[in-house]
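Order of appearance sets the numbers: ligands from 1, and atoms from 1 within every ligand.
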Amino acid sequence: MAREVRRWRMRDREIVLDRTRIMGILNVTPDSFVDGGRFLQPQAAIYHALEMVEDGADLIDVGGESTRPGSDPVGAFEEWQRIGPVLEGLAGKVDVPISVDTRKPEVAERAIRAGASVVNDVSGLRDPKMIRVVSRERVGVVVMHMLGEPKTMQAEPHYADVVGEVKAYLDRTVRAARYAGVPSESIAVDPGIGFGKTPDHSLELLRSLDVLVELGHPVVVGVSRKSFLARMGAGETPEERLGGSLAAAAWAVLRGAHVIRAHDVADTVRAMRAIDRLLGRT
Ligand code: HH2
């Protein structure tokens, strides 16, 4: 059966999901689990963003707060000090949409003013002010599921039915966003692999990703170098997990994911291009 082509709207542009789209990760933090400390200098961050676009990224996701398990939260001032110069430096330099990876409405608002057209909220729009910002600014949004808070989320997360509960949360949140005026076609969803989930929970979500595709929104998936891959025998350290990341991303696409969030853009673009060809897409 031919799959329906979805579109993801963001401000005055849209991404057509006729093939797998790649969201390149740019963490402007000292402590992110893969690229922490590498892009703290704005020039280094801007250069890396341009490099990812050159490598085929369809969006660049800029974050100023690590949300890896055990991480400490960062204040809005510090978060903006990290990403502000990068977003301002990127304005007009890249022709792909920029997304801002933040849980804070005030940071999202400033980022939008500086040119971001997507808000990637790992807290799944928990702050009602965030819904208002997204609605008012007509930006795209990624609603991600997270159980608890990054600091403690990996301390024995529990679900009776992880797939059903994640789906119900995303469904409820998408409805709330639409009710608040966010256009349906601006909303993407994400199961939040590794966010308040044991490795088995993450595997179950990936196995049943098609259930989340049923929500009717673009599905974003982030598996890049995450620790659940160790459980699959795909590398004990983040440095060892490129092969596992590509395999998991390919699996996610076969199960219906539309956007893959990745650190290794060139490799991910090549791998997803190959999968798209096998699927008979352009
Ligand atoms: N994962 C991370 C951060 N943001 N956003 C979405 N939508 N989906 C994800 O799976 C996701 C995300 C964690 O990865 P990373 O940004 O590399 O690490 P850190 O939080 O340490 O900066």
Side-chain angles (χ1 to χ4, degrees), residues 8 10 21-40 45 48-49 52 57-74 78-79 82-83 86 97-104 107-108 116 118-126 130 134 139-147 149-151 153-154 166 169-170 173-174 187-197 199 201-202 205-206 209 212 217-229 237-239 241-242 245 248-249 252 257-265 268:
W8 188 15
M10 43 206 69
R21 299 293 176 169
I22 310 299
M23 178 187 252
I25 302 171
L26 178 58
N27 286 316
V28 192
T29 67
D31 56 344
S32 287
F33 80 103
V34 174
D35 54 356
R38 285 184 57 200
F39 307 116
L40 272 173
H48 185 55
M52 288 194 286
D58 298 289
L59 284 104
I60 301 294
D61 189 36
V62 183
E65 178 187 48
S66 171
T67 47
R68 75 188 188 289
S71 56
D72 285 311
V74 171
E78 190 173 348
E79 195 177 326
R82 291 176 183 175
I83 63 170
V86 178
I98 303 289
S99 95
V100 58
D101 185 346
T102 186
R103 301 184 276 166
K104 302 183 189 71
V107 173
V118 177
V119 174
N120 173 25
D121 182 356
V122 301
S123 78
L125 299 176
R126 271 184 215 179
M130 189 66 112
V134 168
V139 287
V141 61
V142 183
V143 178
M144 199 197 81
H145 176 274
M146 169 167 70
L147 183 71
E149 292 293 326
K151 183 82 185 162
M153 65 190 178
Q154 292 307 92
V166 168
Y169 177 84
L170 295 174
T173 309
V174 163
I187 306 172
V189 297
D190 184 328
I193 298 298
F195 282 83
K197 281 128 195 150
H201 290 142
S202 289
L205 282 163
L206 286 172
L209 205 64
L212 303 184
H217 290 268
V219 174
V220 178
V221 172
V223 289
S224 193
R225 298 187 182 261
K226 287 187 176 172
S227 60
F228 80 98
L229 292 166
T237 65
E239 295 72 37
R241 295 181 191 140
L242 175 60
S245 303
H258 303 87
V259 179
I260 298 295
R261 186 177 179 276
H263 298 97
D264 306 278
V265 168
T268 309

So do [Y] and [X] actually touch side chain to side chain, heavy atoms under 4.5 Å?
X      : Y      : result
Thr29  : Glu65  : no
Val166 : Lys197 : yes
Met153 : Thr67  : no

Self-check item: Non-neighbouring partners of Phe228 that pass ring-ring contact (aromatic ring centres under 6.0 Å, His included), sequence neighbours left out
Solution: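 ring-ring contact (aromatic ring centres under 6.0 Å, His included) check on Phe228 returns nothing, list empty.
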Exercise. Could you tell me the separation between the CG atom of Asp121 and the NZ atom of Lys104, rounded to the nearest 0.5 Å?
Key: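 It is 10.0 Å, given to the nearest 0.5 Å.
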Quiz prompt | ligand 1: protein residues within heavy-atom distance under 4.0 Å | solution =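 Correct list: Asn27, Ser32, Phe33, Ser66, Thr67, Arg68, Asp101, Asn120, Val122, Val142, Met144, Asp190, Phe195, Gly222, Lys226, Arg261, His263.
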Quiz item: Is a donor on one side and an acceptor on the other found under 3.5 Å between the side chain of Lys226 and the backbone of Gly194?
Solution: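 Not at all, since once roles are kept as given, no pair shorter than 3.5 Å links the two residues.
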